[in-house]
Amino acid sequence: MADSTPVDTGVPGMFVNPVVPLDSLPGTESLEWTPLHPRFARRLQVGALIRAVLIVGAWTAFHLRVLPFIAERLPWLPVFAWAIIGAFCLWSLLWPAVAVPRRGYVVRDKDLLYKSGVLWRSVKAFPFNRVQHTKLDSTPLDRRFGLASLSVFPAGAGAGHRIRGLGQETAERLRVYISERIEADGDAESNDTDAAPAPAEDSEVNSETNWETNSEGAGDSGQ
Amino acid sequence: MTADLPGTSEFDRWRRTSPFAIVFFVRGTIEQIRIYGQLLATFGLAFLLVRARELAGELIPVAILLIIAVAVLRYWFFRFRITGDRILIRQGVVKKTALDLPLDRIQAVNIQRSLTDRLLGLVTVSVDTAGSGAVEAVIPSVKRAFADRIRAQVAAARRERLARRAEADPSAEGVAIPTGDQRRPSRLADEALAGEAPDGRPARQLATDDPSPGEVMMKLPPGDMVRIGVRMLGEGPVGVLPLMFLARDPRDLLRYFAGQLGYLEPISREEVPHDLVSDLAELIVRAGFVAAVLAFFAVLGIYGAFKTYFGFRLYRTGAAYRTRAGLFTQHEVVVQSVKVQQVTLSQNLVDRCFRRFRMTAQPVSDDAEVLEVPLIGANMAEGLRAELFGSEGGGLTLLPQSRAMVRVSAAFIGALTVKIAAAPALSIPTIGLLFTGPSAGWAQFALIWVLVWTLAGAVIALQRWRRWGYVHDDDGIAVRSGFVARKVEAFLFRKVQSATVKQSPLQRLKGLATLEMQLAGESVEVPYIDHRAACRLRDYILYKVESNARWH
């Protein structure tokens with residue numbers, strides 16, 4: 001996909017203005033999306049189940065201890081509340097089976113694409129030469145299912161963009177790959193004309209990032 | 001580096017600033033007290049202070065002495081130092097902090113001059129570092145030479161880094177070779193120049209003869225301060241005007257309709273107190289009141305405009321743009337054109353009457369200061385935009401009235417109407433139904449309610465749709481949006497950080513999509529354009545981004 005990028009601009013700083021054959025730009029129509037880890041939907045459902053048990057437990061306690069005192073004035077409250085809780089729990093148990101198969105990602109030579117959404121769909125694109133750093137994280141539940149989340153941080157993106165539900169090994173490989181791409185871009189970026197803070201081009205910060213994520217990765221595999 | 005600058009040794013040891021900085025710390029302390037004061041007030045403790053006002057005669061002098069003492073202490077413990085490659089600041093009386101700013105991380109060196117600073121020919125330097133909102137590096141009341149020194153060293157650090165890079169990667173030696181673009185033979189040279197002390201003025205100078213930091217591009221005369229002040233009213237007048245046309249106490253009207261709809265005992269139209277003469281008198285009083293409110297805010301706005309923008313000047317030094325303005329405290333902002341992420345031109349109703357705009361150029365990070373031109377004409381704005389974008393983006397325009405702007409799909413109107421109106425139009429009648437059960441009065445009310453909301457939603461959506469527009473060329477895009485006010489945001493594609501194509505169910509049905517482009521500062525959306533066009537534009541943006549590493 002990526003080697004069909006039509007024009008090499010050569011020295012980035014020189015003003016070159018090649019004609020871009022628009023039709024030959026790599027599109028996203030014919031991509032083969034990599035699905036998320038097959039266990040991810042199950043992991044979300046287990047998470048939802050735990051949450052449902054907690055909510056039902058808390059509300060049952062409330063129902064038994066507090067509700068009798070206010071039930072006179074709000075006779076519809078118990079039915080209403082149970083209906084909402086039931087709908088929410090059912091929804092969060094069933095929805096992952098629908099939503100997760102529709103998420104997916106593609107790693108190309110120069111960017112990472114991530115699609116999601118059932119009704120409201122979106123395709124996000126993260127060019128590697130704008131990614132500042134990456135992060136891996138996994139909750140205990142994730143680790144039990146052998147999963148991890150990868151976050152990419154472009155400049156100004158605050159909390160970053162998180163891709164959940166990758167296999168631990170996939171996530172780690174992806175992180176290493178992106179880090180390599182960032183470094184490659186940082187080296188190529190020699191015509192950058194200012195004192196930029198971009199960690200991507202600063203070996204000191206970069207190594208720090210690597211260390212951080214590496215240690216996390218180590219933690220993951222230790223589990 | 002200019003010859004007049006003091007040698008490195010002068011700054012390469014721990015120093016205090018001048019004692020005049022005490023004024024700065026007094027202000028800082030008062031500001032902190034004000035913040036705590038607001039906290040106290042919210043917890044009702046202000047009540048205690050009021051009760052203790054007999055003691056005020058003794059408390060106030062003590063408080064003033066305390067504030068000054070704290071300021072003196074803070075001054076005493078504030079030290080700074082510039083070594084070869086970094087600025088070090090140590091401060092704090094109780095809680096000590098040590099700041100370490102590598103010179104090549106510094107995005108901009110901005111200058112503020114309070115009234116005392118100006119009287120004494122001193123400056124307060126604040127250092128912008130990208131992506132570190134929590135770090136506040138302000139060095140109060142130092143000589144101008146110090147600021148020039150930092151700028152020179154930042155530029156030197158930058159040059160050195162570039163040289164190191166060029167050495168490491170000889171294939172990219174295009175750096176220093178002049179490009180075909182005649183106007184700026186070398187970006188690098190401009191860059192270096194921009195950070196340099198502009199002209200080797202002597203370090204000592206009076207407030208009156210500021211060094212001219214480059215070529216003056218524009219000035220705002222005092223008359224414009226009035227315009228800016230009135231502009232700050234914004235869309236306020238639109239909100240206040242309806243006050244005039246409310247014929248009488250709205251409670252009467254509500255009571256009447258409530259009666260008609262059967263929620264309360266009905267009353268006839270005649271029972272609503274009504275008298276033409278008193279109505280007229282009331283209208284006049286209302287008009288006077290509205291005028292007084294507007295005048296009050298206008299005066300506040302004009303004062304604010306004078307305070308912030310008096311003597312506004314925009315300078316250009318190489319590729320750096322710098323504004324300087326302020327009545328008491330003079331504020332200086334420097335932004336280099338390579339760091340500009342996006343340029344925004346906005347125009348509210350008042351601006352529209354004056355045929356002027358407000359222009360801002362947002363540099364790399366959120367916490368870096370924005371270059372703002374508070375009042376600018378169309379031609380000047382276009383000229384400045386062209387300069388900031390350099391040789392790229394020639395086909396763009398910042399002017400909202402431009403005919404080049406392409407409208408988004410009209411399906412936007414329907415979708416936005418539903419989005420605005422659906423929740424309120426459906427929820428209130430449903431709640432009403434739950435409480436009162438179905439009735440003729442309810443049906444009437446629900447019908448009117450839904451109609452009113454749909455109509456209001458449609459009008460708002462239509463107006464929003466009229467504002468949306470975009471135009472793009474090979475290098476960048478300009479997106480127009482707004483409701484009453486108009487705003488055009490323009491940026492070069494290579495500044496994009498990530499891009500998203502989104503589709504709602506309705507958009508999928510109609511083959512439309514929303515394209516969202518995230519920049520380092522904020523994100524810009526183009527809603528409801530053809531899905532294929534959105535994807536192609538996205539692919540093109542990715543191509544531009546991925547074939548070009550320069551974005552800051």
Side-chain angles (χ1 to χ4, degrees), chain A residues 2 5-15 17 20 22-23 25-29 76 108-111 113-115 117 119-132 152 154-158 161 185-202 204, chain B residues 103-107 129-132 154 157-158 161-162 165-166 168-169 171-175 177 179-181 187-188 191 336 338-339 341 364-366 391 474 496-505 508 518-522 535-536 538-540 542-543 545-552:
Chain A
T5 302
V7 187
D8 180 20
T9 49
V11 183
M14 299 291 275
F15 180 69
N17 198 359
V20 182
L22 270 178
D23 290 323
L25 282 180
T28 57
E29 293 89 11
W76 48 267
R108 301 197 286 186
D109 186 43
K110 292 184 191 307
D111 51 28
L113 300 174
Y114 178 68
K115 72 162 185 180
L119 290 177
W120 278 265
R121 293 184 188 166
S122 75
V123 177
K124 295 179 179 172
F126 307 104
F128 293 135
N129 63 354
R130 296 292 184 275
V131 174
Q132 304 281 316
V152 290
H161 299 271
D185 283 319
D187 294 340
E189 205 184 344
S190 41
N191 196 38
D192 175 21
T193 42
D194 64 73
E201 43 172 297
D202 192 310
E204 192 182 317
Chain B
L103 286 173
D104 60 358
R105 291 299 181 78
I106 290 172
Q107 293 292 310
T129 54
S132 51
V154 168
R158 187 182 299 153
R161 201 182 58 147
L162 285 170
R165 277 237 189 114
D169 184 8
S171 66
E173 60 191 312
V175 172
I177 301 170
T179 64
D181 187 357
R187 261 174 188 280
L188 183 64
E191 272 296 284
Q336 273 142 32
V338 276
K339 294 197 178 159
Q341 299 294 304
V364 173
S365 66
D366 281 337
S391 54
D474 287 353
V496 169
Q497 299 287 326
S498 67
T500 305
V501 173
K502 298 185 290 194
Q503 273 190 307
S504 72
R508 261 211 322 285
Q518 285 94 5
L519 298 159
E522 55 187 273
C535 285
R536 269 173 93 170
R538 190 260 327 265
D539 294 336
Y540 181 69
L542 288 179
Y543 155 67
V545 168
E546 287 158 10
S547 61
N548 196 328
R550 290 185 299 129
W551 64 273
H552 55 63

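Letters A, B, ... mirror the listed sequences (proteins, then strands); counts begin at 1.
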Worksheet, complete the sentence: Applying salt bridge (Lys or Arg N to Asp or Glu O under 4.0 Å) to B:Lys502 and not counting sequence neighbours gives B:Glu516, B:Glu525

Item to complete: Provide the closest heavy-atom pair for B:Ser498 versus A:Ala125 in the form atom of the first, atom of the second, distance.
Response: CB-O, 3.1 Å

Worksheet item: Which residues pass the side chain to side chain contact (heavy atoms under 4.5 Å, CB included) test with B:Ala499, sequence neighbours left out?
Response: B:Arg538

Worksheet entry | B:Thr500 side chain near A:Val123 side chain, heavy-atom distance below 4.5 Å | no

Worksheet item: Is the backbone of A:Pro154 close enough, under 3.5 Å, to the side chain of B:Gln497 for a donor and an acceptor to pair up by distance?
Response: no

Response to the item:
Rounding to 0.5 Å, atoms CZ (A:Phe126) and CG (B:Leu542) come to a distance of 11.0 Å

Discussion item. Quick check for you: to the nearest 0.5 Å, what is the distance between B:Ser504 atom OG and A:Arg121 atom CZ?
Written reply: 11.0 Å

Worksheet, complete the sentence: Rounded to the nearest 0.5 angstrom, the CZ-CD distance for A:Arg130 and B:Glu546 is 9.0 Å

Worksheet entry | Separation of B:Arg508 CZ from A:Leu119 CG (nearest 0.5 Å) | 6.5 Å

